[in-house]
Amino acid sequence: MAHAPERILVTGGAGFIGSHAALRLLEEGHLVTIVDDLSRGNSGAIEALRQVGPVAFVEGDIGDRDLMRQIMREQDTQCVWHFAALAYVGESVEQPLRYYRQNATASINLLSVMDELNIEKLVFSSTCATYGEPETNLIPIREDCPQQPINPYGRSKLLVEHAVRDLAIARHARGQSFHAAMLRYFNVAGSDPEGRLGEDHDPETHLIPICLEAVLGRRDSVKIFGTDYPTPDGTCIRDFVHVSDLIDAHLVAMRSLGASASDETVRAYNVGTGSGLSVREVVEACRAVTGVDFPVEEVARRPGDPPKLCADAGRIEAVLGWTAARPQIEQMVKDAWRWRQQHPFGFRSV
Ligand code: UFG
């Protein structure tokens with residue numbers, strides 16, 4: 001079924017997930033405006049998006065209310081997909097105030113402009129890091145699992161979840177509508193299956209891109225952080241979801257916003273496949289897909305890593321009909337590898 005085009009603001013649209021979101025929105029015929037300060041995003045991603053369709057790009061800070069007011073007024077924004085954030089757990093422990101400022105304060109400024117301009121629809125990029133380290137009997141994690149984040153990154157995202165809910169309550173009390181989907185991502189991997197975009201962080205901390213750098217000889221080895229976890233092979237377990245599937249989840253979530261008067265106006269959804277893979281299993285998948293047997297080094301645990309994070313994705317399936325179409329880790333690695341081979345130095349390769 002064709003859907004009417006909407007005018008959508010994508011914050012953080014030069015980042016890994018935000019750029020994949022913008023790509024899909026362009027393909028679906030929506031009118032896309034990106035705001036990104038390029039502190040973590042890549043201008044190369046914007047260039048890649050321009051090959052796909054007309055995209056308005058503003059380099060700026062989403063916490064700048066005057067700027068955001070001007071952009072959202074000019075573009076007559078109907079819906080915001082909010083990705084812009086800092087997302088390194090370790091860094092958040094070292095620089096907590098930076099995380100609270102850029103993730104929480106800036107988001108609150110963005111919400112206040114949305115409120116002022118009566119922009120009623122939001123899809124918010126939240127995280128499984130808001131759950132912290134759930135008790136074993138609460139894994140796979142459901143959305144009603146207590147949210148007790150163990151680092152400033154998770155806490156900064158949880159603050160925004162609270163602000164979104166409170167804004168919805170206040171607007172409804174004023175007779176104004178507001179609908180939001182808060183998607184709690186598990187470990188996002190892969191890249192555009194057509195190879196137009198990829199994952200390129202600086203610094204890179206994520207397991208699969210690090211393995212691919214080792215395949216390319218850009219690292220001597222991959223360090224496995226901790227082999228003494230209470231898991232079958234002693235390494236951490238994570239739930240990996242393909243970025244294309246994650247973006248599908250955003251699309252169905254957006255379409256559901258305000259679709260029925262009886263809907264809850266703010267809803268949180270886990271986005272994961274529901275199956276956990278150990279770090280060793282992911283390393284093996286990277287070796288198998290690339291055919292390169294890169295060396296690994298077993299080292300101490302990385303502080304702040306919960307032993308096991310795995311989603312119960314039952315709610316998003318039941319309510320929105322979403323399930324992962326590409327749940328195999330091999331597919332995620334294959335797609336990430338295709339882009340990496342073409343871009344051995346990331347977006348700077350072009
Ligand atoms: N790992 C290694 N070696 C590496 C890199 C990672 O062993 O070189 C391990 C980690 O210790 C972890 C697993 O691989 O057990 C996955 O690590 P990533 O850094 O790829 O991803 P995280 O699980 O740490 O992070 C993800 C999101 C964060 C989010 C977090 C919630 O990327 O944004 O989940 O815990 F906050």
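Ligands are counted one by one from 1 in listed order, and the atoms in each one are counted from 1 as well. As the structure is a prediction and not an experimental result, all values here were calculated from the model.
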Chemist: Do any N/O atoms on Thr205 end up under 3.5 angstrom from N/O atoms on ligand 1?
Modeler: yes
Chemist: Taking it one step at a time, do Arg69 and Glu116 satisfy salt bridge (Lys or Arg N to Asp or Glu O under 4.0 Å)?
Modeler: CA-CA 9 Å; Arg69 189 181 296 113; Glu116 183 187 323; 2.6 Å; yes
Chemist: Polar contacts were defined as any N/O atom of the residue lying under 3.5 Å from an N/O atom of the ligand; does this apply to Val279 and ligand 1?
Modeler: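 No, no N or O pair falls under 3.5 Å.
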Chemist: Yes or no: does Val222 have any heavy atom under 4.0 Å from an atom of ligand 1?
Modeler: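 Checking ligand 1 against Val222, which is what was asked, there is no heavy-atom contact under 4.0 Å.
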Chemist: Does Ser177 offer a backbone N or O that forms a donor-acceptor pair with the side chain of Arg171 under 3.5 Å?
Modeler: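 Side chain of Arg171 to backbone of Ser177: a pair is present.
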Chemist: Who's closest to atom 18 (P) of ligand 1 heavy-atom-wise, of Arg238, Arg301, Arg302?
Modeler: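 Result: the heavy atom closest to atom 18 (P) of ligand 1 is in Arg302.
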Chemist: Would you please say whether a donor-acceptor pair under 3.5 Å links the side chains of Glu317 and Thr323?
Modeler: no
Chemist: Suppose I only count heavy atoms of Leu309 and a 4.0 Å limit; which atoms of ligand 1 are within that range?
Modeler: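 Here the atoms of ligand 1 in question are 35 (O).
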Chemist: May I ask you to identify the nearest protein heavy atom to atom 11 (O) of ligand 1, giving residue, atom name and distance to one decimal place in Å?
Modeler: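 Result: Asp305 OD2, 2.6 Å.
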Chemist: Check the side chains of Tyr131 and Asn270 for a donor-acceptor pair under 3.5 angstrom, ignoring hydrogens and angles.
Modeler: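 Asn270 vs Tyr131: donor-acceptor pair found between side chains.
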Chemist: Does the protein place a non-hydrogen atom closer than 4.0 angstrom to atom 30 (C) of ligand 1?
Modeler: no
Chemist: Give the atoms of ligand 1, by number and element, whose distance to some non-hydrogen atom of Lys223 is under 4.0 Å.
Modeler: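 Once the distances to Lys223 are compared, the set is 2 (C), 3 (N), 4 (C), 7 (O), 8 (O).
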Chemist: At what distance is the nearest protein heavy atom to atom 26 (C) of ligand 1, and which residue and atom is it?
Modeler: Asn187 ND2, 3.6 Å
